[in-house]
Q: 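Just dropping this structure here.
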Protein chains: 2
Amino acid sequence: MTEPRWLDEKQARAWRGYRRMRALLDLQITRDLAADSGLSDADYDVLSNLSEASPHRLRLTELATTMLWSKSRLSHHLTRMQQRGLVDREECAGDARGSLIVLTEAGLRAIEDAAPHHVDSVRRHMIDLLTDEEIAALDALTHRVVSHLTATS
Amino acid sequence: MTEPRWLDEKQARAWRGYRRMRALLDLQITRDLAADSGLSDADYDVLSNLSEASPHRLRLTELATTMLWSKSRLSHHLTRMQQRGLVDREECAGDARGSLIVLTEAGLRAIEDAAPHHVDSVRRHMIDLLTDEEIAALDALTHRVVSHLTATS
DNA sequence: GCTAGGTTGGTGACACGTCAACAAGCACCC
DNA sequence: GGGTGCTTGTTGACGTGTCACCAACCTAGC
């Protein structure tokens, strides 16, 4: 490290703002989700990904990579969700190692009940507070950062 | 819940982009921090807050509220950091219940060594990828959301 | 003073995440 | 077809976060 290039005033403000929003928004949305639906963020993400899949089932590895989770974490979490009846595991035809994660009836009901509340929460605490220009800027900026991060690693 | 107002295309793109950036950026910055300095995000935040305090010490409750952490979490984390010699606890003159969290010499060295690398990481993976207009938009937008969230709760 | 009610920090039990290791299965190549 | 090496999903141990509870302490009102 030669001469560290510190952030200037504006950059520092933006960075700290981002960090703080991130933390507060997380807390609030987690709270709302738990109060409205009894689900955790993690539960919601798993259910939502499964519900968007073709016949409501996905390979564990596939689910893990799209969620940016480790297989281990997902496996642990799925056993807990399985005990609550939200998902199930099926054997995978064609690959005897694999297991298919299936959305159960109860899981489908859970995500369908939760989604409207969740969208409302996201709107109230973030989206509806932004102008169209800010939405566009956020879209552009986040996607640029995302492609940088997925290219590098 | 009457008629749920789903997100339109642009809003959904921005929201998903935000979520994905958030996750990827976290992973990357955590990785960098661990590789460069052997610190976790949590460690860094604690040390950075302490180093900015007047005589390098803060009440536990004060630190917890500025970090948006529970006192319990902070207390647990501090005992671990204390075992590594990064912080220490002092008795609090004037309030026998309280304890002052103090930055040790080693803790100061740790944060001073870590900071340049950390700033570099933040620049490379986010700040330097944004235009000045985007920085300004991010600043405005995050601070609006933050004040909404702090006002409500 | 002293009592009632709030605050402070800590603790133990439990939920969750990470990491390393593993058995089982696939795929390829000779 | 039988190594060789990679992939898949699971497990156990351990580090970390959450929650409920607690003792010690402050503060105000009487």
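Treat the numbers as computed from the prediction; the structure is a model and nothing was measured. Here is the naming used below: chain letters follow the sequence lines, and residue numbers restart at 1 for every chain.
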Q: Take a 6.0 Å sphere around CD of E90(A) and say whether it holds more than 12 heavy atoms from other residues, nucleotides or ligands.
A: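 Yes, CD of E90(A) has more than 12 neighbouring heavy atoms, counting only those of other groups under 6.0 Å.
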Q: H76(B) near the nucleic acid: base, sugar-phosphate alone, or nothing, with a heavy-atom cut-off under 4.0 Å?
A: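 Result for H76(B) = base.
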Q: Figure out the CG/P separation between L78(A) and dC16(C), and round it to whole Å.
A: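 The answer, rounded to whole Å, is 13 Å.
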Q: Between atom CG in L74(A) and atom P in dT18(C), what is the gap in whole Å?
A: 12 Å
Q: Under 3.5 Å, is there a donor-acceptor pair between the R31(A) and Q28(A) side chains?
A: yes
Q: Whole angstroms only, please: what is the CH2-P distance between W69(B) and dT8(C)?
A: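 From W69(B) CH2 to dT8(C) P: 19 Å.
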Q: With nearest nucleotide decided by heavy atoms, which residue, A42(A) or R89(B), maps closer to the 5′ end of DNA chain C?
A: R89(B)
Q: If you assign S99(A) and G94(B) each to the DNA chain D nucleotide with the nearest heavy atom, which residue ends up on the more 5' nucleotide?
A: S99(A)
Q: Which residue lies toward the 5' end of DNA chain C, R97(A) or R80(A), if each is placed at its nearest nucleotide?
A: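 That would be R80(A).
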Q: In whole Å, I'd like the distance from the NZ atom of K71(A) to the P atom of dT7(D).
A: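 Taking NZ of K71(A) and P of dT7(D), I get 8 Å after rounding.
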Q: Between P on dT16(D) and CZ on R84(B), what's the gap in Å once rounded to a whole number?
A: 7 Å
Q: Assign each of L27(A) and S75(A) to its nearest nucleotide of DNA chain D by heavy atoms, then name whichever residue's nucleotide is nearer the 5' end.
A: S75(A)
Q: Is the W69(A) ring parallel, tilted or perpendicular to the H77(A) ring (thresholds 30°, 60°)?
A: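 W69(A) and H77(A): perpendicular rings.
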Q: Set out, in order, the CA-CA distance, both residues' side-chain angles and the distance that settles side chain to side chain contact (heavy atoms under 4.5 Å, CB included) for L50(B) and V87(B), then state yes or no.
A: CA-CA 9 Å; L50(B) 281 177; V87(B) 300; 3.7 Å; yes
Q: Expressed in angstrom and rounded to an integer, what is the separation of L63(B) atom CG from dG10(C) atom P?
A: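 These atoms are roughly 12 Å apart.
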Q: Using whole Å, what does the distance between atom C1' of nucleotide dG17(D) and atom CZ of R73(B) come to?
A: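 Computing the R73(B):CZ to dG17(D):C1' distance gives 6 Å.
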Q: For Y18(B) and Y18(A), take the angle between the two ring planes, folded into 0 to 90°, and tell me which bin it lands in: parallel under 30, tilted 30 to 60, perpendicular over 60.
A: perpendicular
Q: Identify whether any heavy atom of S72(B) sits under 4.0 Å from a base atom; if not, whether one sits that close to sugar-phosphate; answer base, sugar-phosphate or nothing.
A: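 Base, at least one base heavy atom under 4.0 Å.
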Q: In whole Å, I'd like the distance from the CE atom of M81(A) to the P atom of dA15(C).
A: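 Interatomic distance, CE of M81(A) to P of dA15(C): 16 Å.
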